[in-house]
Amino acid sequence: MSLRTVTAAVGAACSALVLLLTAPGAASAATGQFRYTYITDEGYDAVGFLNNPASRQCVNLPTPGAGSGTVSRAPKNLTDATATVFLDADCEGDTYYTLRPGAGASERLLLRSVIFS
């Protein structure tokens, strides 16, 4: 093998490494859907959902058609990640519950925010 061939191979390998290191990584996300129920301002039950939610990022559950600070209930974790749901917004507070992938909780479990592993 000639010096020119070795130099070209090393150069190509270094270029590939630089491209790998500078390319943005794909954001980690839970695959599937997270569902929850809430009551609208008109008094109707509504179902909210998050599709393929980001991992390790707190989500305050949106409740369209309901007043701000509305508490949701009956979560169903249909994602492939563990979901930790919190009674308080911003994934704060001492009241939280963990749902394994595919698990759900009763109507009595109240929540305002969730984070996925």
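Counting from 1, the numbers follow the sequence of the chain as shown.
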Peer 1: I'd like to know if Y97 and V59 are part of one continuous hydrophobic network [Ile/Leu/Val/Met/Phe/Trp/Tyr, side-chain heavy atoms within less than 4.5 Å].
Peer 2: yes

Peer 1: Would you please test L111 and L87 for side-chain contact (heavy atoms from CB on, under 4.5 Å) and show each step?
Peer 2: CA-CA 4 Å; L111 62 148; L87 176 59; over 6 Å; no

Peer 1: Considering all heavy atoms of both residues, which atom of P75 and which atom of L109 are nearest to each other, and what is their separation?
Peer 2: CG-CD2, 3.7 Å

Peer 1: About how many Å separate CD of Q57 and SG of C91, when rounded to the nearest 0.5 Å?
Peer 2: 9.5 Å

Peer 1: Once rounded to the nearest 0.5 Å, what's the spacing between atom CG of D88 and atom CG of N60?
Peer 2: 10.0 Å

Peer 1: Are L99 and V114 side-chain neighbours, meaning at least one heavy-atom pair lies under 4.5 Å?
Peer 2: no

Peer 1: Search all heavy atoms of A105 against all heavy atoms of K76 and return the closest pair with its distance.
Peer 2: O-NZ, 4.2 Å

Peer 1: Would you compute the distance between atom OG1 of T37 and atom CG of D45 and round it to the nearest 0.5 angstrom?
Peer 2: 6.5 Å

Peer 1: Check whether any side-chain N or O of N77 sits under 3.5 Å from a backbone N or O of A103 as a donor-acceptor pair, and report yes or no.
Peer 2: no

Peer 1: Can F49 and L78 be said to form a side-chain contact (heavy atoms from CB on, under 4.5 Å), step by step?
Peer 2: CA-CA 10 Å; F49 54 89; L78 304 176; over 6 Å; no

Peer 1: Of all heavy-atom pairs between G67 and D41, which one has the smallest distance, and what is that distance?
Peer 2: N-OD1, 2.9 Å

Peer 1: Would the distance check show the side chain of Y38 and the main-chain N or O of P64 forming a donor-acceptor pair, the cut-off being under 3.5 Å?
Peer 2: yes

Peer 1: Angle between ring planes, F116 versus F34, binned at 30° and 60°: parallel, tilted or perpendicular?
Peer 2: perpendicular

Peer 1: Do V85 and L61 share a hydrophobic cluster (ILVMFWY, side-chain heavy atoms under 4.5 Å, transitive)?
Peer 2: yes

Peer 1: Take atom CZ in R35; do more than 12 heavy atoms of anything else shown fall under 6.0 Å from it?
Peer 2: no

Peer 1: Quick one: closest heavy-atom pair of G32 and P53, and the distance?
Peer 2: O-CD, 4.0 Å

Peer 1: Any sub-3.5 Å donor-acceptor pair from S72's side-chain atoms to R112's backbone N or O?
Peer 2: no

Peer 1: Looking at T84, is its backbone amide N or carbonyl O close enough to the side chain of T98 to form a donor-acceptor pair, meaning the two atoms are under 3.5 Å apart?
Peer 2: no

Peer 1: Between V71 and T63, is a side-chain contact (heavy atoms from CB on, under 4.5 Å) present by the stated rule, with each step listed?
Peer 2: CA-CA 9 Å; V71 178; T63 54; over 6 Å; no

Peer 1: According to ring pair (Phe, Tyr, Trp, His ring centres under 6.0 Å), who are the partners of Y36, at least two apart in sequence or on a separate chain?
Peer 2: none

Peer 1: Donor-acceptor pair, distance only, cut-off 3.5 Å: does the side chain of S117 make one with the backbone of T82?
Peer 2: yes

